[in-house]
Amino acid sequence: MCGIVGYVGRRQAVEVAIEGLGRLEYRGYDSSGIALIGADRALTVEKRAGKLVNLRSVLAARPAPPATAGIGHTRWATHGAPTDRNAHPHTDCEERIAVIHNGIIENFAELRAELENDGHKLASETDTEVVAHLLERFAGDGLAEAMRRVCRRLEGAFTLLAVSVDEPDVVVGARRNSPLVVGRGEGENFLGSDVAAFIAYTREAVELGQDQVVELRTSGITVTDFHGAPAETRDYHVDWDASAAEKGGHDYFMLKEIAEQPRAVADTLLGRVGADGQLMLDEMRLSDQELRDVNKIIVVACGTSYHAGLIAKYAIEHWAGVPCEVELASEFRYRDPILTRDTLIIVITQSGETMDTLMAVRHAREQRSRVLAVCNVNGSTIPRESDAVLYTHAGPEIAVASTKAFLTQLVACYLVALYLAQVRGTKFGDEISQIIDWLGRMPAKVEEVLGTVEPVRALARSLAAERCVLFLGRHVGFPVALEGALKLKELAYMHAEGFAAGELKHGPIALIDEGLPVVVIVPSPAGQRVIHDKIVSNIQEIRARGAKTIVIAEEGDDAVVPYADTLIRVPAVPTLLQPLIATVPLQVFACELAAAKGHDVDQPRNLAKSVTVE
Ligand code: M6R
């Protein structure tokens with residue numbers, strides 16, 4: 001939700017902090033701020049409501065003094081409106097300590113009352129500010145020990161960074177249920193909500209565990225638990241560089257990420273198919289017997305990742321013959337799902353930090369179910385807390401709207417379904433090989449779609465004045481419809497709904513009005529013919545009631561031609577794989593429509609890339 005950066009070293013901390021915040025701004029953009037400790041032990045705090053550009057303007061007009069230690073924050077507001085006053089960093093009464101925070105401190109009201117009783121003056125409406133004043137209370141113990149003592153008093157989720165004028169060459173961080181990674185440099189060290197914060201300086205990272213405090217100095221890092229006992233960490237090398245987190249000539253990150261999809265799909269397949277055509281998914285860390293014993297799969301995720309899960313269900317049940325449910329993480333956690341040792345939970349998450357999904361993982365593991373994470377971000381919390389992880393290798397996804405992560409999640413789920421089929425013997429080897437062969441051809445098919453999206457752009461621009469767009473699909477086209485609608489909502493701020501086309505007649509058809517644009521995803525006629533024919537009938541039904549039909553159908557499907565006001569052609573592929581190509585025009589459509597309306601495509605209002613609060 002919020003982005004956090006910390007630095008100690010020989011460079012000017014303000015430059016490192018602003019560079020890092022630029023790369024983390026996708027995590028939240030309600031306000032931004034920095035705190036620096038100068039050589040003269042003076043604390044400088046600058047913060048502004050609004051996007052990072054506002055803070056940059058302040059610093060351009062009033063340059064920060066030299067400082068080689070500092071922290072920076074970009075905010076997604078939870079407690080307190082997005083104002084200058086509520087922007088982070090927050091300071092103690094004496095303005096000797098500055099703190100930034102990501103997460104929610106659930107017992108802040110009680111702590112605030114206690115501090116005010118003690119005479120502390122709190123200036124903001126945030127939950128964060130209590131931490132600065134609690135650190136002040138324990139300041140005599142040194143910043144790291146003070147942080148440990150404070151963390152023991154806090155409830156909720158938090159990543160905290162603090163600096164103090166008493167220790168000008170130290171940054172202290174802490175984490176519980178919220179992300180924080182260390183970047184290891186030569187004579188300098190970094191902290192960030194994710195590696196993007198410091199990728200311009202180092203690709204050597206250290207993964208921190210739950211409930212840990214880290215003390216960052218130029219000479220090294222020290223990590224303990226909240227009681228001061230030395231803690232274990234894991235070093236890893238980041239396999240992408242700063243250029244991967246830049247726009248690379250595209251107008252928006254989203255466009256770049258859409259364009260990267262053929263490569264991302266290929267990378268997700270890489271190394272997972274043996275020379276003999278057999279799938280190799282050792283990462284699942286379940287023996288063949290354990291995979292045979294699985295009697296139910298529950299896929300749990302949020303947002304776009306949930307839509308990937310809905311599609312996974314069709315593949316898992318069709319290929320592997322295992323009953324599969326799909327559930328929103330926020331709902332799964334707060335009911336009583338029937339879970340046993342033989343229930344396999346597959347959680348899907350791009351960021352690996354989504355709090356709803358993390359809570360679902362913990363809940364499932366408490367019930368002794370095994371959890372497989374399908375995740376994009378190495379070193380993030382959810383893979384660390386799961387029994388096994390299948391990384392999607394999409395590379396960094398910066399735009400808030402998920403695109404390449406979605407396609408690679410689908411590929412990972414297809415691989416899981418086929419691997420289960422291979423181990424459980426539910427499909428013949430040559431059937432599995434055929435699909436794997438098709439998967440290998442998908443990067444080229446996605447590329448083909450990307451080469452034909454110009455008319456989709458023109459269509460999107462022509463619809464910029466519309467207030468509502470509906471999306472219809474059947475079978476795997478239904479989750480694609482949901483995904484198309486979600487993209488339009490989050491980017492174009494338009495009313496958009498996805499429906500199962502068969503449900504139309506049970507209510508939604510009343511929404512159809514003269515000129516209403518309706519996007520219909522048509523499955524391959526070569527697949528289940530009956531589904532194809534039924535959706536062609538649905539197109540006729542809505543057209544008869546005045547809808548403007550925008551039809552996505554495969555090359556050569558002539559049955560749709562008379563009923564399509566606009567026809568978007570996609571290559572013919574097996575039905576279950578169609579979402580990999582049918583989604584692409586919908587991504588382009590939403591992106592272009594948002595741009596035509598003058599919206600910030602990469603940073604839509606009210607949203608943040610990774611949702612680390614429940
Ligand atoms: O990081 P996750 O995959 O767990 O995130 C889940 C959702 O927050 C995410 O997919 C969200 O719906 C996207 N912004 C949609 O484009």
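First listed ligand is number 1; within each ligand, the first listed atom is number 1. Keep in mind the model is a prediction, meaning the values are calculated, not measured.
Against a heavy-atom cut-off of under 4.0 Å, T349 is close to the following atoms of ligand 1: 1 (O), 2 (P), 3 (O), 4 (O). Atoms of ligand 1 lying under 4.0 Å from at least one heavy atom of S305, given by number and element, are 2 (P), 3 (O), 10 (O). Close approach of ligand 1 to V400 is summarised as follows: ligand atoms under 4.0 Å from at least one heavy atom of the residue are 13 (C), 14 (N), 16 (O). For ligand 1, the atoms lying closer than 4.0 Å to a non-hydrogen atom of Q350 are 1 (O), 2 (P), 3 (O), 4 (O).
With a heavy-atom cut-off of 4.0 Å, E490 touches ligand 1 through its side chain alone.
An N or O contact shorter than 3.5 Å links K487 to ligand 1 by distance. The distance criterion of under 3.5 Å between nitrogen or oxygen atoms is not met by T357 with respect to ligand 1.
For an aromatic pair to be called close, the ring centres must be under 6.0 Å apart, and H475 with Y314 satisfies this. A ring-centre distance under 6.0 Å is found for F190 and Y201.
Residue, atom and distance of the protein heavy atom nearest to atom 7 (C) of ligand 1 are C302 O, 3.7 Å. The protein non-hydrogen atom at the shortest distance from atom 1 (O) of ligand 1 is S351 OG, 2.7 Å. Summary of contacts: the protein heavy atom closest to atom 2 (P) of ligand 1 is T354 OG1, 3.2 Å. Protein heavy atom in closest approach to atom 11 (C) of ligand 1: T304 N, 4.1 Å.
In terms of modelled atom types and a separation under 3.5 Å, the side chain of T126 and the main chain of H79 share no donor-acceptor contact. S305 places no side-chain N or O within donor-acceptor distance of the main-chain N or O of A301, the cut-off being under 3.5 Å. K256 places a side-chain N or O within donor-acceptor distance of the main-chain N or O of A244, the cut-off being under 3.5 Å.
Looking at V611, T612, N376, it is V611 that brings a heavy atom closest to atom 8 (O) of ligand 1.
Under the 4.0 angstrom criterion for non-hydrogen atoms, A401 is in contact with ligand 1.
Judged by the 6.0 Å distance and 45° axis criteria, K51 is positioned over the aromatic ring of Y29.
With sequence neighbours excluded, the residues forming a side chain to side chain contact (heavy atoms under 4.5 Å, CB included) with Q210 are R175, R176, N177, R362, E385, listed by chain and number.
Between Q212 and T233 there is a side-chain heavy-atom pair separated by less than 4.5 Å.
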Worked verdict on T159 versus S178 for side chain to side chain donor-acceptor pair (under 3.5 Å): CA-CA 5 Å; T159 299; S178 198; 3.2 Å; yes
